[in-house]
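Only one structure is covered here, and it is reproduced in the block below.
Order of the sequence lines fixes the chain letters, A, B, ..., with proteins taken first and strands second; residue numbering starts at 1 for each chain.
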Amino acid sequence: MTAPTKPPHSSPADDVSGADLHAPVIDWFDDHARDCPWRHPEAGAWAVMVSEFMLQQTPVSRVLPVYEQWLARVPRPADLAADAPGEAVRAWGRLGYPRRALRLHGAAVAITERHGGDVVGTTAQLLALPGIGEYTAAAVASFAYGQRHAVLDTNVRRVFARAVTGVQYPPNATTAAERRLARALLPEDEGTAARWAAASMELGALVCTAKNETCVRCPIAGQCAWRLAGKPEHDGPPRRGQTYAGTDRQVRGKLLAVLREAHAPVPQEALDQVWQEPVQPPRALDGLVPDGLVEPLPGGTYRLPLT
DNA sequence: TATTCGTGGAC
DNA sequence: TGTCCAAGAAT
């Protein structure tokens, strides 16, 4: 008797159905999901898209107030497209990563010019928009249009790493094996798949967190490979953290904070005051211009971009 | 593939 | 108190 030949690229995903995970996770979601406005029935595709841009690398609690003001100000893509990009940066406030505001503005322009103001509904169309990558395209298609996609964000990747693969953390970058696993775990039914995507993400955000996970509240703790293995700690290369204090990145933030508050061009001498050390402000300012976040004017003044 | 890009809350 | 982390994308 010969053992069956393993196909190339075989992985744990090939042996996983996920059928035992769907119902408990979705039932848990029905009882414990946070009440986020972008999940309400009246939230359309534009609202979902706005929320996904804002939620990139940003916690829900900080997104909520900006999200509400944003949709009140620009309830349709065409409303944002009609604004100057600098107005989007100003309305972005202190959410962080302000290039997301420029990209969302660019996406609204493209939607308005190329698609008649209607948010596109296929992942290929979504991927063609600025600021939309693999995750956000799948998320908008799934959450706004109920389509069946593997939605692989940091939460889902961690849940799968633990529950299925049996390790504490997923790899630093998303791997082909993770994509295969996510597709293998996807429920066949379209509506169930969309529900599963949101539910598994929420589980990672609320229970199966990066630190201080609360397995006692987990609906699949009894099937979790990592927990059943005694929750071994992550081994391998350290997951490198981010340094921020004292970097040009921090200076960029301070410069933009001044420009967001100003409603007239600001002289460079004033901008240099945001930082004690003399070299970093001009350098950071020079970096903001090619990024399209700051517009230089004749005479050495600066403002948020009008074009 | 590894870096860069903000901000603030939790511990 | 400093470290870690949060629904990634672009290059």
Side-chain angles (χ1 to χ4, degrees), chain A residues 29 33-34 36-39 43 47-67 89 92-104 106-107 126-144 149-160 168-176 178 182 194 197-206 208-214 234 237-260 274 283-284 287-288 290-294:
Chain A
F29 184 64
R34 291 168 291 185
C36 299
W38 45 86
R39 291 180 181 148
V48 171
M49 185 170 148
V50 168
S51 77
E52 289 304 333
F53 269 76
M54 292 185 172
L55 287 163
Q56 291 169 3
Q57 299 285 282
T58 309
V60 167
S61 59
R62 292 185 44 219
V63 164
L64 281 170
V66 184
Y67 167 88
V89 174
W92 199 253
R94 306 187 65 81
L95 264 189
Y97 291 142
R99 287 191 290 195
R100 291 183 292 169
L102 287 183
R103 291 170 182 160
L104 182 52
L126 288 163
L127 282 169
L129 299 174
I132 295 192
E134 178 182 354
Y135 161 75
T136 303
V140 173
S142 179
F143 301 154
H149 296 287
V151 182
L152 263 187
D153 80 318
T154 186
N155 291 307
V156 174
R157 294 180 60 218
R158 187 173 54 249
V159 169
F160 291 174
Q168 186 177 23
Y169 296 119
N172 279 327
T174 305
T175 63
E178 287 183 275
S200 54
M201 191 177 309
E202 190 79 340
L203 184 64
L206 296 183
C208 194
T209 47
K211 308 183 73 170
N212 302 114
E213 70 281 354
T214 51
H234 173 81
R239 311 157 72 234
R240 53 180 294 280
Q242 342 165 26
T243 55
Y244 178 64
T247 61
D248 279 9
R249 195 165 166 183
Q250 185 179 20
V251 181
R252 287 166 59 103
K254 293 198 171 300
L255 291 171
L256 277 181
V258 171
L259 292 168
R260 279 197 306 266
V274 304
R283 190 170 64 200
L288 287 167
D291 286 344
L293 285 163
V294 169

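Formation of a donor-acceptor pair under 3.5 Å by the A:R94 side chain with backbone atoms of A:G253 is not found in this model. Of the possible polar contacts, one joining the A:R158 side chain to the A:C208 backbone as a donor-acceptor pair under 3.5 Å is found. At least one donor-acceptor pair under 3.5 Å links the side chain of A:R260 to the backbone N or O of A:G93. Of the possible polar contacts, one joining the A:R157 side chain to the A:P171 backbone as a donor-acceptor pair under 3.5 Å is found.
Extent of DNA chain B lying under 4.0 Å from chain A heavy atoms, first and last nucleotide in 5' to 3' order, is B:dC5 to B:dG8. Nucleotides of DNA chain C with any atom under 4.0 Å from a heavy atom of chain A span, from 5' to 3', C:dC4 to C:dA10.
Here the straight-line distance linking atom CD of A:Q168 with atom NZ of A:K211 works out to 10.0 Å at 0.5 Å rounding. Atom CH2 of A:W92 is separated from atom CE of A:M54 by 4.5 Å, given to the nearest 0.5 angstrom. The distance from the CG atom of A:L206 to the CZ atom of A:F29 is 9.5 Å, given to the nearest 0.5 Å.
Across residues 198-206 of chain A, A:M201, A:E202, A:A205 each have a non-hydrogen atom less than 4.0 Å from an atom of DNA chain C (numbered order).
Residue A:T209 is classed as having no contact, given no heavy-atom separation below 4.0 Å to the nucleic acid. Residue-level contact check: A:R158 touches the backbone only, with heavy atoms under 4.0 Å from sugar-phosphate atoms and none from bases. Nucleic acid contact class of A:A210 (heavy atoms, under 4.0 Å, all strands): sugar-phosphate only. If you check every strand for non-hydrogen atoms under 4.0 Å, A:L95 touches a base. A:R94 comes within contact range of the sugar-phosphate backbone alone, with a heavy-atom separation under 4.0 Å but no base atom that close. Contacts of A:S51 with the nucleic acid, taken as non-hydrogen atoms under 4.0 Å apart, are absent. Across all strands shown, A:W92 has no heavy atoms under 4.0 Å from either base or sugar-phosphate atoms.
When each of A:L129 and A:T58 is assigned the nucleotide of DNA chain C with its nearest heavy atom, A:T58 is the one assigned upstream, toward the 5' end. Of the two residues contacting DNA chain C, namely A:L127 and A:W38, the nearest-nucleotide position lying further toward the 5' end is that of A:W38. A residue-by-residue look at A:G96 and A:A173 shows that A:A173 has its nearest nucleotide of DNA chain B further toward the 5' end.
Nucleotides B:dA10 and C:dA7, compared at atom P, are 15 Å apart to the nearest Å. Rounded to a whole angstrom, the distance from the P atom of C:dT11 to that of B:dG6 is 14 Å.
Residues passing the salt bridge (Lys or Arg N to Asp or Glu O under 4.0 Å) test with A:R100: none are found, sequence neighbours excluded. Scanning for ring pair (Phe, Tyr, Trp, His ring centres under 6.0 Å) contacts around A:Y97 gives an empty result, with sequence neighbours left out. Residues passing the ring pair (Phe, Tyr, Trp, His ring centres under 6.0 Å) test with A:Y244, sequence neighbours excluded: none.
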**Message:** Run A:Y135 and A:Q56 through side chain to side chain donor-acceptor pair (under 3.5 Å) and show every step you take.
**Reply:** CA-CA 10 Å; A:Y135 161 75; A:Q56 291 169 3; over 6 Å; no
**Item:** Step-by-step side-chain contact (heavy atoms from CB on, under 4.5 Å) determination, A:V294 to A:L255
**Value:** CA-CA 10 Å; A:V294 169; A:L255 291 171; over 6 Å; no
